[in-house]
Every structure is written in C-alpha cells, then in structure tokens.
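In each ligand, atom 1 is the first atom listed, and ligand 1 is the first ligand listed.
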Amino acid sequence: MYQTKIAGLGKYVPENVVTNDDLSKLMDTNDEWITERTGIKERRHIKKGDGNTTASMGVKAAKIAIERAGISKDDIDLIVFATLSPDYYFPGCGVQVQEMLEIATCPALDVRNQCSGFIYAVSVADQFIKTGMYKNVLVIGSENHSGGLDFTTRGRSVSVIFGDGAGAAVLTRSDHNGQGILSTHLHSEGKHALELSLKGPSTNHWVPKIIAENPQGDDIPYYPYMNGQFVFKNAIQRFSEVINEGLQENGLSVSDIDMLIPHQANLRISQFVQQKFKLADDKVYNNIQKYGNTTAASIPIALTEAWEQGKVKEGDTVVLAAFGSGFTWGSAIIKW
Ligand SMILES: CC(C)(COP(=O)(O)OP(=O)(O)OC[C@H]1O[C@@H](n2cnc3c(N)ncnc32)[C@H](O)[C@@H]1OP(=O)(O)O)[C@@H](O)C(=O)NCCC(=O)NCCS
C-alpha cells in the first residue's frame with residue numbers, strides 16, 4: 001500500500017466583498033445579529049459579469065495548487081470535484097475542469113456531500129493513490145452560493161451564512177513512509193436529509209410541479225431550507241465524535257493536534273469544539289469571519305491560508321473535520 005500526501009494547495013475567492021451592512025440593505029438583518037450568532041463579518045459573492053462560476057473558480061484554485069505541487073496539469077490522473085452548487089444539473093463540474101485545464105482526457109467525478117464534500121473527496125482520492133491506481137489526484141471544493149440564495153427577509157436565517165469561493169489540493173503518492181494522510185473517517189445519517197436541503201428543481205420537484213404546487217410562491221423548494229438549531233446540535237456532537245475517532249484510530253491524543261481545521265460552518269460551532277477539546281487558539285484555524293460558510297470549499301480555503309501563513313508545517317499533525325447536509329460528516333488525520 002502506498003501513502004498519500006498533500007503536495008500543493010490553492011484557493012480563489014471572488015473579489016466582491018459583501019459585508020453584513022450590505023445585506024441589511026436587502027433584508028431585515030443587522031451586523032450585530034450576524035456577528036453574534038455566526039461570527040461572520042463579510043463574505044464574497046460572485047458579481048454579475050466577473051466570469052466566475054463554480055467550475056471556473058475551482059480551476060483558478062487548482063492552477064495554484066498544481067504549480068505549488070511542482071507538477072504539470074498533464075500529470076493529473078484523476079479529478080475529484082466536491083460541490084453542492086454545480087454549474088449544471090448535469091454533467092458535473094469535474095469534466096468542466098478537465099476541459100478548462102486543457103487536460104487531454106482523464107477521469108473526473110463529482111462528489112455531492114455538501115459541507116463534508118472536501119473530506120469525502122480527499123478520502124476517495126486517498127483510496128485511489130493508496131492502491132497504486134493513480135499517482136496525482138486533483139481535489140477541488142468550490143461553491144457558488146450567491147447564485148441560489150433568497151436575499152429577502154424570508155431567507156435571512158440561511159442567506160447571511162453562505163459565501164462563494166474555491167479551494168484545491170493536489171494529492172500525490174508520498175515517498176516518505178509515515179508522512180501524509182494517516183486515515184479518513186466518513187459517516188452519513190440520511191434520516192435527517194431534509195433538515196438542511198434544497199429540494200428542487202429535481203426529478204421529484206420539477207419546474208411545472210413547483211409552480212403548480214406553489215401558486216402563491218410561499219413554499220419555495222428551490223431555496224435552501226435549514227433547521228438551524230437542529231443542525232447546530234448535531235454538528236457539535238458529530239464534529240467531536242469524528243475527531244475522536246480519527247485520533248483513536250492513530251493512537252493519538254488531543255495534545256498531539258498541531259492544527260485543527262474545522263469546516264467553517266459557524267464560528268460558534270468551531271469555538272464549541274475548541275473548548276470541548278481544550279485546544280489553544282493557535283491550534284484551530286478559522287476564517288469564517290471573512291468568507292462565511294463556503295461549504296465544500298471551506299476546508300481547502302482554510303487549509304491553504306493556514307499553510308501560506310506557516311501555521312501548517314512539516315511534521316505537524318493536522319486534523320480536518322466537517323459536518324453538513326445529509327447529514328454527512330467526516331475527518332482526516334494528516335501528518336504533514
Ligand atoms: C442559523 C443560526 C445562526 C440561527 O441562530 P439561532 O440562534 O438558532 O436563531 P433562530 O433561528 O432561533 O432565530 C432567532 C431569531 O432571529 C431571527 N433571525 C433569523 N435570521 C436572522 C437574521 N439574519 N437577522 C436577524 N434576525 C434573524 C429569527 O427570525 C428569530 O426571530 P424570532 O425570535 O422573532 O422568531 C444557528 O441556528 C446556526 O448557526 N445553526 C447552524 C447552522 C450551520 O452551521 N449550518 C451549516 C451546517 S454545515
């Protein structure tokens with residue numbers, strides 16, 4: 001069995017900054033509420049005409065990751081793309097990336113695991129590399145949330161939380177035994193599928209049916225629905241469980257963690273987990289204040305920033321953990 005390491009990281013966020021005050025001009029909300037409940041001060045939104053899409057932002061992040069990995073785009077053996085906001089209903093963004101990167105042909109697959117998407121994608125890539133089937137796998141998490149949110153007061157409890165952006169990682173066969181991904185841990189609990197969901201358009205909620213069933217337009221399945229407090233309670237429980245699971249699997253304890261990068265769901269969730277594990281401030285990386293919750297992109301954006309700032313360095317034990325719609329959750333334990 002081979003081992004997988006992260007050889008290169010990159011991120012891209014749209015230039016357009018949207019502050020809490022900007023949102024308060026569109027809906028009945030305010031900076032105090034958003035800051036207190038979520039920690040978010042601003043997020044990035046794609047601006048009409050700036051050319052950004054979920055796939056193209058992923059490509060921008062990927063190009064940086066590929067360069068930093070010291071490989072060529074033609075060395076990529078597989079693309080794994082995680083998103084809940086693809087450019088098209090089908091095909092997935094993975095094939096768009098293959099085309100935009102001008103890779104002759106290569107396998108490309110999309111992962112639909114929402115906020116856990118990046119960890120699921122890393123785990124998939126890791127299995128292919130471990131078995132020797134592929135050497136270099138490009139993993140991307142990218143989201144265009146702003147294109148599909150309800151920016152009226154009706155949608156405020158969801159819309160203020162989410163932002164746009166992309167992160168990417170090149171996963172490569174490791175030459176050094178013991179360096180790289182030590183383990184990944186994935187879970188789902190579909191009985192809560194609709195607690196954080198967007199029902200349609202889908203084959204079950206196709207456009208004519210949506211219109212026929214909602215003549216007043218009051219129950220709108222094409223905007224996300226979130227049972228916020230229920231999600232919050234499940235998130236803090238599952239984050240803790242899956243971090244512990246990863247540590248135990250590798251015979252590690254909390255004191256071995258050099259850096260925890262939690263999915264940036266909500267600053268209060270990250271702080272709860274930090275306090276539960278009694279981790280010092282410099283052992284947890286948060287950037288939700290600047291970007292909001294970017295779902296599948298949040299971990300690779302945060303990991304890229306932490307690495308750029310020298311907060312993730314060779315020899316460190318890095319823990320990635322996520323929870324989100326599905327419900328799905330997961331963790332990855334990495335020796336950097
Ligand atoms: C969404 C979340 C921030 C809401 O916080 P909360 O404390 O649960 O707030 P509630 O939904 O109970 O709403 C409290 C009040 O604020 C109001 N409110 C909701 N959104 C608001 C906004 N953006 N601005 C101002 N007021 C708002 C509600 O209408 C409600 O008013 P009421 O008391 O008059 O009925 C919180 O539940 C949360 O963070 N959940 C987890 C979300 C998450 O992490 N999702 C991603 C998972 S990957």
Compute the minimum heavy-atom distance from Ile34 to ligand 1 and say whether it is under 4.0 Å.
no
Using a 4.0 Å heavy-atom cut-off, say whether Met226 meets ligand 1 through its side chain, its backbone, both or neither.
side chain
I need the contact type for Thr29 against ligand 1. Using non-hydrogen atoms and a strict under-4.0 Å cut-off, is it side chain, backbone, both or neither?
both
Selected option - heavy-atom contact closest to atom 3 (C) of ligand 1, from Asn30, Thr38, Val231
Thr38
Contact atoms of ligand 1, heavy-atom distance to Ile269 under 4.0 Å:
44 (O)
Can you confirm whether Lys290 is buried at NZ, in the sense that more than 12 heavy atoms of other residues, nucleotides or ligands lie under 6.0 Å from that atom?
yes
Where does Thr295 meet ligand 1, judged by heavy-atom distances below 4.0 Å: at the side chain, the backbone, both, or neither?
neither
Salt bridge between Lys11 and Glu305, side-chain N to carboxylate O under 4.0 Å?
yes
Heavy-atom distance to atom 19 (C) of ligand 1: which of Phe230, Trp33, Phe323 wins?
Trp33
Is there a side chain to side chain donor-acceptor pair (under 3.5 Å) between Glu249 and Ser183 once you walk through the steps?
CA-CA 8 Å; Glu249 168 89 10; Ser183 62; 5.3 Å; no
Closest heavy-atom pair, Ala166 versus Ile301, reported as atoms and distance to 0.1 Å, is O-CG1, 3.4 Å
Determine, counting only non-hydrogen atoms of the protein, whether one lies under 4.0 angstrom from atom 11 (O) of ligand 1.
no
Please classify the Cys115 to ligand 1 contact at 4.0 Å (heavy-atom distances, strictly less than): side chain, backbone, both or neither.
side chain
Would you please determine whether Gln114 falls within less than 4.0 Å of ligand 1 on a heavy-atom basis?
no
Indicate every side-chain donor-acceptor pair of residues 192-199 with a distance under 3.5 Å to a residue at least two apart or in another chain.
{"from": "Glu195", "atom 1": "OE1", "to": "Asn227", "atom 2": "ND2", "distance (Å)": "3.0"}
{"from": "Ser197", "atom 1": "OG", "to": "Leu194", "atom 2": "O", "distance (Å)": "3.1"}

Can you confirm whether some protein heavy atom lies under 4.0 Å from atom 34 (O) of ligand 1, or whether none does?
no
Would you say atom 26 (N) of ligand 1 has a protein heavy atom nearer than 4.0 Å?
yes
Between Glu189 (side chain only) and Phe327 (backbone N and O only), is there a donor and an acceptor less than 3.5 Å apart?
no
Does the protein put any heavy atom within less than 4.0 Å of atom 22 (C) of ligand 1?
yes
My question is simple, although I want it checked carefully: is atom 45 (N) of ligand 1 less than 4.0 angstrom from any protein heavy atom?
yes
Heavy atoms of Val273 and Leu260 approach each other most closely as CG1-CD2, 4.1 Å
Report yes or no: do Lys41 and Thr19 form a side-chain donor-acceptor pair below 3.5 Å?
no
Cationic tip of Arg173 above Tyr2 ring, under 6.0 Å, 45° of axis:
yes
Below 3.5 angstrom, do we get any N/O pair linking Gly228 and ligand 1?
yes
Would you kindly specify which portion of Met27 sits under 4.0 Å from ligand 1, judged on non-hydrogen atoms: side chain, backbone, both or neither?
neither
Note: heavy atom closest to atom 29 (O) of ligand 1, options Glu36, Lys233, His263, Arg156, belongs to Arg156
Do the side chain of Thr29 and the main chain of Ser24 share a donor and acceptor less than 3.5 angstrom apart?
no
Any non-hydrogen atom of Ile161 lying under 4.0 Å from ligand 1?
yes
Contacting atoms of ligand 1, where contact means under 4.0 angstrom from a heavy atom of Ser157:
1 (C), 19 (C), 20 (N)
Side chain, backbone, both or neither: the part of Val158 lying under 4.0 Å from ligand 1 by heavy atom
neither
Side-chain ion pair, Glu245 and Arg238, N-O less than 4.0 Å
no
Does the protein place any heavy atom closer than 4.0 Å to atom 7 (O) of ligand 1?
yes
Run through Asn293, Thr294, Ile119 and flag the one making a side-chain contact (heavy atoms from CB on, under 4.5 Å) with His263.
Asn293
